[in-house]
> 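This structure is in structure tokens; I'll ask about it shortly.
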Amino acid sequence: KEGSYVELAKFFLITVISLFADILVFYCLSQVIGPQFAIPEVIWLKVSVILAGFTAAIFNFLGYKFIVFKK
């Protein structure tokens, strides 16, 4: 039972870190870097959302696989 609490804590930690990574990537792409390759700003924001979500998904997968649910 103690192991499941540790696993749950790791799960939430990875999830929260992934959330911040998602927000950071979106912020950097949309505000710091800005539209690239002559892409209109409206489309660039959508591309930023997709790339940020993809980054968070990869981070979640790797974190869950190698930190939370490693067996």
Side-chain angles (χ1 to χ4, degrees):
K1 192 141 178 137
E2 280 184 34
S4 60
Y5 290 127
V6 172
E7 194 173 80
L8 183 65
K10 287 180 184 178
F11 179 84
F12 281 120
L13 182 64
I14 293 296
T15 302
V16 168
I17 291 172
S18 176
L19 172 66
F20 285 119
D22 182 39
I23 293 168
L24 181 66
V25 169
F26 175 71
Y27 175 77
C28 287
L29 288 175
S30 64
Q31 301 297 319
V32 177
I33 295 174
Q36 300 290 311
F37 312 113
I39 297 174
E41 186 174 353
V42 174
I43 295 175
W44 183 255
L45 287 176
K46 293 177 183 179
V47 169
S48 299
V49 168
I50 292 168
L51 292 175
F54 187 69
T55 302
I58 290 173
F59 187 84
N60 274 333
F61 174 77
L62 294 175
Y64 295 155
K65 181 171 178 67
F66 294 113
I67 296 172
V68 179
F69 302 113
K70 63 178 181 179
K71 288 187 180 180

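Everything numeric in this text was worked out from a predicted model, so none of it was measured. In what follows, residues are counted from 1 in the order of the sequence shown.
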> Under 4.5 Å between side-chain heavy atoms, counting indirect links through other Ile/Leu/Val/Met/Phe/Trp/Tyr residues: same cluster for Val68 and Phe61 or not?
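No: no chain of side-chain contacts under 4.5 Å links Val68 to Phe61.
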> Between Phe26 and Ile23, is there shared hydrophobic-cluster membership here, with clusters defined by ILVMFWY side-chain heavy atoms closer than 4.5 Å?
no
> According to the side chain to side chain donor-acceptor pair (under 3.5 Å) rule, which pairs have a member within residues 16-40, sequence neighbours left out?
Ser18-Asn60
> Does Phe69, at its CZ atom, have more than 12 non-hydrogen atoms belonging to other residues, nucleotides or ligands within less than 6.0 Å?
yes
> Assigning hydrophobic clusters by single linkage (Ile, Leu, Val, Met, Phe, Trp, Tyr; side-chain heavy-atom cutoff under 4.5 Å), is Ile17 placed with Ile67?
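Shared cluster, yes.
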> Just list the side-chain donor-acceptor pairs under 3.5 Å for residues 40-56, sequence neighbours left out, or say none.
unit_1, atom_1, unit_2, atom_2, d
Trp44, NE1, Leu29, O, 2.7
Trp44, NE1, Gly34, O, 3.1
Ser48, OG, Trp44, O, 2.9
Thr55, OG1, Leu51, O, 2.8

> Show me the donor-acceptor pairs within less than 3.5 Å that the side chains of residues 7-16 make with the rest of the protein, sequence neighbours left out.
unit_1, atom_1, unit_2, atom_2, d
Thr15, OG1, Phe11, O, 2.8
Thr15, OG1, Tyr64, OH, 2.7

